[in-house]
Amino acid sequence: MSTDLKNLIGLDRQELAREMDAIGEKPFRAKQLWHWIYHQGETDFSKMTTLAKSFRSKLAEHYSLERPQVSRELTSTDRARKWLLKFDDANEAESVFIPEDDRGALCISSQVGCTLTCAFCHTGTQKLVRNLTAREIVSQLMVARDSYSEWPSGRDDRLLTNIVMMGMGEPLFNFDNVAKALKIVMDGDGLSISKRRITLSTAGVVPMMERCGEELGVNLAVSLHACTDELRDVLVPINRKHPVRELLAACRAYPGANNARRITFEYAMLKGVNDSDADAHELIRLVRDVPAKFNLIPFNPWPGTAYECSTPKTIRRFAKILNDGGLSAPVRLPRGRDIMAACGQLKSDSERARRQSTRPDKPSGDTAPAVA
Ligand code: SAH
């Protein structure tokens with residue numbers, strides 16, 4: 001990739017003002033530039049028509065607004081779209097867009113790889129390579145906006161309305177960069193996606209949860225997946241450090257959570273593992289004093305996993321028990337399975353290719369070939 005030009009994406013407003021100062025421009029230039037970068041989505045300084053020509057050429061001499069390289073873009077038969085992005089150091093991460101009829105959520109990654117090693121998650125089989133920077137996190141949204149031509153920001157007909165921090169990695173292990181990126185994303189004169197349309201998912205990094213609520217005020221999702229420490233220790237190993245009781249206490253204390261803004265508990269339905277009637281009843285008991293709702297995720301298979309998805313009948317029955325206990329528990333329709341874009345299926349292709357050369361796993365039955 002290019003050049004020694006400094007990329008301005010991911011700088012906060014103060015940093016941008018300092019850059020303007022460094023090239024001998026007044027601080028208010030930063031405000032104008034911000035609007036072009038994040039509201040208009042312009043990548044070419046020469047097209048920033050409200051700026052003086054001399055200023056535009058100075059910008060082009062020093063800076064770039066280049067996006068990460070899109071190594072691969074796949075669109076599922078169900079319209080979900082996945083981008084494999086290659087960053088300046090050739091590391092890669094994926095983001096996924098899940099369109100509905102009149103809205104859509106972009107699923108953003110926070111790390112290359114992951115340290116959590118959750119037993120049923122494909123990303124968890126890839127070692128952590130590094131945290132993503134604020135620029136790399138914000139750029140995922142900008143690439144998606146480019147791909148759907150949804151500039152300028154805030155158009156009424158936009159499809160990309162929501163963000164979920166549910167891609168590769170654990171966002172609360174990379175809090176500083178995630179927070180910086182989300183503040184840029186929430187800025188009203190820019191990308192302009194409000195905190196009410198952003199959900200951050202954590203496997204349960206308890207010590208960071210309060211700060212996340214205080215500083216960002218985004219919706220919280222928690223990857224619960226089990227109702228006992230015994231099972232959760234195996235499925236979500238961070239539980240050994242922060243057990244269920246501690247996790248639920250942090251949920252109760254999460255700033256801004258109330259009955260109108262509930263915490264989402266994600267629960268992957270694993271056949272014969274966590275899907276009994278007794279499990280459902282125990283969940284109701286566990287969250288009785290938390291403003292909670294559930295999201296039941298049919299397990300998404302990946303090459304080499306030993307887990308299987310619960311049957312549709314079992315999932316319906318499980319949901320009904322939760323509903324009868326007063327809990328909302330929609331079953332999340334799997335999206336993008338054919339392009340390995342569904343929950344827990346993300347993994348950078350370079351890594352996948354490397355592993356497959358040493359361990360030739362075949363994709364499991366319902367994973368159809370990718371469609372370009
Ligand atoms: N590290 C964060 C963000 C990832 S979110 C977290 O754990 O919350 C991705 C969600 O998909 C998590 O709830 C994760 O547990 C779930 N998941 C992982 N693998 C899955 C699979 N194979 N099928 C269904 N859900 C899965």
Side-chain angles (χ1 to χ4, degrees), residues 80 82 93-96 98 105-126 128 131-132 137 140 162-175 178 182 198-206 208-209 212 218-226 231-232 234-239 241-242 247 250-251 254 263-271 273-275 293-310 315 318 330-337 339-347 361 363-367:
K82 178 170 90 164
E94 292 181 318
S95 22
V96 177
I98 304 147
L106 181 72
C107 179
I108 290 183
S109 291
S110 56
Q111 299 180 310
V112 178
C114 192
T115 51
L116 290 169
T117 64
C118 298
F120 55 94
C121 180
H122 197 204
T123 311
T125 64
Q126 174 177 2
L128 179 76
N131 285 332
L132 292 180
I137 295 166
Q140 295 176 55
N162 290 55
I163 284 181
V164 292
M165 293 301 300
M166 295 188 183
M168 297 164 65
E170 169 51 53
L172 295 189
F173 280 157
N174 184 19
F175 185 74
V178 166
L182 289 183
I198 300 176
T199 301
L200 182 147
S201 178
T202 181
V205 184
V206 169
M208 295 306 294
M209 285 168 59
C212 175
V218 294
N219 303 313
L220 187 71
V222 171
S223 298
L224 191 60
H225 306 308
L231 179 59
R232 198 162 186 276
V234 176
L235 295 180
V236 187
I238 194 180
N239 193 70
K241 202 158 179 197
H242 305 294
L247 177 60
C251 290
Y254 187 71
I263 291 174
T264 303
F265 289 98
E266 295 156 285
Y267 199 89
M269 299 298 300
L270 304 169
K271 190 181 202 167
V273 174
N274 66 356
D275 63 353
K293 59 182 177 189
F294 275 81
N295 229 320
L296 301 181
I297 317 176
F299 168 67
N300 293 306
W302 39 271
T305 182
Y307 292 99
E308 287 174 77
C309 185
S310 310
I315 298 176
F318 199 90
V331 179
R332 208 192 272 171
L333 202 67
R335 299 286 300 267
R337 271 188 183 177
I339 55 168
M340 288 292 283
C343 303
Q345 293 186 313
L346 301 186
K347 182 163 177 168
D361 293 318
S364 60
D366 67 346
T367 311

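For this chain, numbers begin at 1 and follow the sequence in order. Each ligand, and each atom within it, is numbered from 1 in the order the structure gives.
In terms of protein heavy atoms, atom 23 (N) of ligand 1 is closest to Asn300 N, 2.9 Å. With hydrogens left out, the protein atom closest to atom 9 (C) of ligand 1 is Met166 O, 3.6 Å, a heavy atom. At the top of the distance list for atom 18 (C) of ligand 1, counting protein heavy atoms only, stands Gly344 CA, 3.3 Å. Ranking protein heavy atoms by distance to atom 11 (O) of ligand 1, first place goes to Cys343 CB, 3.5 Å. Scanning the protein heavy atoms around atom 13 (O) of ligand 1, the nearest turns out to be Ser223 OG, 2.7 Å. Given atom 10 (C) of ligand 1, the protein heavy atom at minimum distance is Glu266 OE2, 3.9 Å.
Although no hydrogens or angles enter the test, the distance criterion places a donor-acceptor pair under 3.5 Å between the side chain of Asn174 and the main chain of Ser110. Counting only distance, with no hydrogens or angles, the side chain of Lys82 and the backbone of Ile339 share a donor-acceptor pair below 3.5 Å. Proximity of a side-chain donor or acceptor of Asn295 to a complementary backbone N or O of Phe265 within less than 3.5 Å is not detected. Checking side-chain atoms of His225 against main-chain N and O of Ala268 turns up a donor-acceptor pair under 3.5 Å.
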Item to complete: Take Ser109 and Leu132 through the test side chain to side chain contact (heavy atoms under 4.5 Å, CB included) and record every step on the way to the result.
Response: CA-CA 8 Å; Ser109 291; Leu132 292 180; 4.2 Å; yes
Practice prompt. Apply the test side-chain hydrogen bond (donor to acceptor under 3.5 Å, both in side chains) to residues Glu170 and Thr202: give CA-CA distance (whole Å), side-chain angles for both, the deciding distance (0.1 Å), then the verdict.
Written response: CA-CA 6 Å; Glu170 169 51 53; Thr202 181; 2.9 Å; yes
Worksheet item: Run the side chain to side chain contact (heavy atoms under 4.5 Å, CB included) check on Thr305 and Phe120 step by step: do they pass?
Response: CA-CA 7 Å; Thr305 182; Phe120 55 94; 5.5 Å; no
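Here is the list of ligand 1 atoms found below 4.0 Å of a heavy atom in Gly169: 1 (N), 2 (C), 3 (C). Against a heavy-atom cut-off of under 4.0 Å, Cys121 is close to the following atoms of ligand 1: 18 (C), 19 (N). Near Leu116, the atoms of ligand 1 lying under 4.0 angstrom from a non-hydrogen atom of the residue are 1 (N). Of all atoms in ligand 1, listed by their number and element, those nearer than 4.0 Å to a heavy atom of Ile297 are 24 (C), 25 (N). Counting the atoms of ligand 1 from 1 in the order shown, those under 4.0 Å from a heavy atom of Trp302 are 22 (N). Distances below 4.0 Å separate heavy atoms of Ala203 from the following atoms of ligand 1: 6 (C), 7 (O), 8 (O). When each atom of ligand 1 is checked for a heavy atom of His225 under 4.0 Å away, the hits are 13 (O), 14 (C), 15 (O). Ligand 1 places these atoms under 4.0 Å from at least one heavy atom of Phe120: 15 (O), 17 (N), 18 (C), 19 (N), 20 (C), 21 (C), 22 (N), 26 (C).
Lys293 is linked by a salt bridge (Lys or Arg N to Asp or Glu O under 4.0 Å) to nothing, counting only residues two or more places apart in sequence or in another chain.
Within the 4.0 Å heavy-atom shell around ligand 1 one finds Gly167.
Between Tyr307 and Phe299, the ring-plane angle classifies as perpendicular under the 30° and 60° cut-offs.
Inter-residue side-chain proximity for Cys121 and Trp302 is flagged as unmet; no heavy-atom pair is nearer than 4.5 Å.
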